[in-house]
Undergrad: 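Quick one: the structure is below, questions incoming.
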Amino acid sequence: MSILHDGYFTSGLDGDPELAEALRGEMRRQQDGIELIASENIVSRLVLEAQGSVLTNKTVEGPPYGRYYGGAEFADAIEALAIDRARRLFGCRFANAQPHSGSNANAGVFLGLLKLGDAILSMNVAAGGHISHGHPATLTGRDYKIASYGVNQKTERIDLDDVRDLALRHRPKLIVAGGSAYPRAIDFAGLRAIADEVDALVMVDMAHFAGLVATRLYPDPFPHAHVVTTTTYKSLRGARGGLVLWNDDGLTKKINAGIFPGVQGSVMLHGVAGKAACLGEALRPEFRNYNRAVLDNARALSNALAAAGLRIVTGGTDTSLMLVDLTSRGVTGDVAAAALERAGLAVNKNLLPFDWRPPESPSGLRLSSNAGTTRGLGVGEFQSIGRWIDQVLRSPNDALMILAIRDEVRELCRRHSIY
Ligand SMILES: *Cc1c(COP(=O)(O)O)cnc(C)c1O
């Protein structure tokens with residue numbers, strides 16, 4: 001009796017037609033539509049291969065060159081490569097490349113550096129913060145006392161006077177900056193001065209602007225933050241996973257223990273290889289050109305939408321992402337996102353600062369130039385995307401018009417094929 005079915009080691013997806021069909025559908029979806037969701041990007045063939053490699057078979061625990069299991073020489077080399085490249089890319093002394101995700105990187109840092117019940121001051125989700133920074137529905141929201149800052153109602157930007165008042169009132173042990181829907185540059189030096197006043201540490205979560213930091217197109221968090229976290233699949237255009245970066249050796253043991261065994265078990269080595277791959281790509285000169293184009297394209301899109309009469313939160317962006325206020329069009333974020341998806345434009349609905357509507361049906365959309373820039377779209381194309389978005393928002397129920405835009409989107413995508 002055979003213990004393995006035919007083709008176990010030789011046939012790939014042909015051996016599972018049901019799964020293959022869904023994957024082909026996803027490939028077609030990615031090829032035929034324009035991805036404007038800020039948490040996504042399009043990885044290189046190299047990153048795809050690294051993440052789909054035989055490393056899936058290998059289990060290791062602990063740091064490179066200090067593993068619990070044997071047979072780790074190549075695992076060690078791969079993880080050391082990821083760490084070394086992360087340190088070089090961001091100009092910092094230490095890195096942990098093991099976090100399975102951005103949320104795990106944050107949870108590990110909290111666990112390593114804080115005590116149960118310590119206070120954290122972070123940005124609230126309504127103002128653009130991320131849920132892993134202490135939202136009540138997460139473990140971090142249960143284990144620590146969370147105080148949150150927002151943005152100023154007039155400027156829609158972080159107001160350091162407000163942050164300072166909250167810090168003096170709540171005496172946090174950690175101040176967190178960086179979010180998932182904050183489009184502007186953050187004053188890291190200002191936050192550090194506040195943290196020093198109350199004897200807190202500063203953590204910057206740069207998931208959405210790590211690529212810009214790496215290429216010096218955004219303020220550098222490092223001289224000011226004690227610890228920096230990021231995902232590696234958004235602006236870094238790589239593996240699904242996270243990174244933790246820091247400079248003070250006094251934090252090393254605590255941070256590493258917070259990640260493992262604090263919040264994770266064995267290493268997802270295929271992901272670590274994908275991180276090594278994307279960090280290597282980010283060290284190449286082309287990555288700076290890419291990030292310049294990301295900024296140019298984001299501004300082109302934001303300007304096109306503003307010229308069509310849509311209000312952009314804060315009036316523009318310093319990053320790849322922007323928030324669009326739909327109030328003047330009398331359409332909600334959920335309805336807009338569904339109509340745009342029919343036109344081949346993938347976006348996500350998003351709360352605006354001081355939004356009075358619920359998260360399921362908020363007043364805004366979040367857009368990003370990250371993925372479109374990777375497939376080679378330029379300023380002219382992003383201006384067209386702005387015009388299409390404007391048209392769809394004017395008549396989200398006009399099926400014929402949406403079909404016509406769908407055709408134009410498909411045609412543009414054909415000229416900018418992926419893989
Ligand atoms: C996306 C994101 C995360 C979470 O990453 P996951 O990989 O989904 O856990 C954390 N922080 C910020 C700021 C993010 O944008």
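Because only heavy atoms are used, hydrogens play no part in the values below, and waters and symmetry mates are left out as well, while side chains stay in. Remember, it's 1-based here, ligands and their atoms both numbered in the order they're listed. Because the structure is predicted, anything quoted here is derived from the model rather than measured.
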Undergrad: Does some side-chain heavy atom of Thr317 sit less than 4.5 Å from a side-chain heavy atom of Ile312?
TA: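 No; the side chains remain at least 4.5 Å from each other.
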Undergrad: Non-hydrogen atoms closer than 4.0 Å to ligand 1: which protein residues do they belong to? List them by chain and number, please.
TA: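 Ligand 1 is contacted, at a heavy-atom distance under 4.0 Å, by Ser101, Gly102, Ser103, Asn106, His130, Ser132, Gly179, Ser180, Asp205, Ala207, His208, Thr231, Tyr233, Lys234.
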Undergrad: Salt bridge check, Glu411 against Arg414: does any charged N sit closer than 4.0 Å to a carboxylate O?
TA: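 Glu411 and Arg414: salt-bridged.
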Undergrad: Out of curiosity, Thr229 OG1 to Asn96 CG, how far, rounded to the nearest 0.5 Å?
TA: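 Answer for the OG1-CG pair, Thr229 versus Asn96, is 11.5 Å.
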Undergrad: In terms of side-chain geometry, is the basic nitrogen of Arg237 or Glu281 positioned less than 4.0 Å from the acidic oxygen of its partner?
TA: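 Answer for the salt bridge query: no.
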Undergrad: Would the number of heavy atoms belonging to other residues, nucleotides or ligands and lying under 6.0 Å from NZ of Lys349 be above 12?
TA: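 It does: Lys349 NZ has more than 12 such atoms within range.
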Undergrad: Is the number of heavy atoms from other residues, nucleotides or ligands under 6.0 Å of Lys254 NZ greater than 12?
TA: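 Counting neighbours around NZ of Lys254, 12 or fewer heavy atoms of other residues, nucleotides or ligands fall under 6.0 Å, so no.
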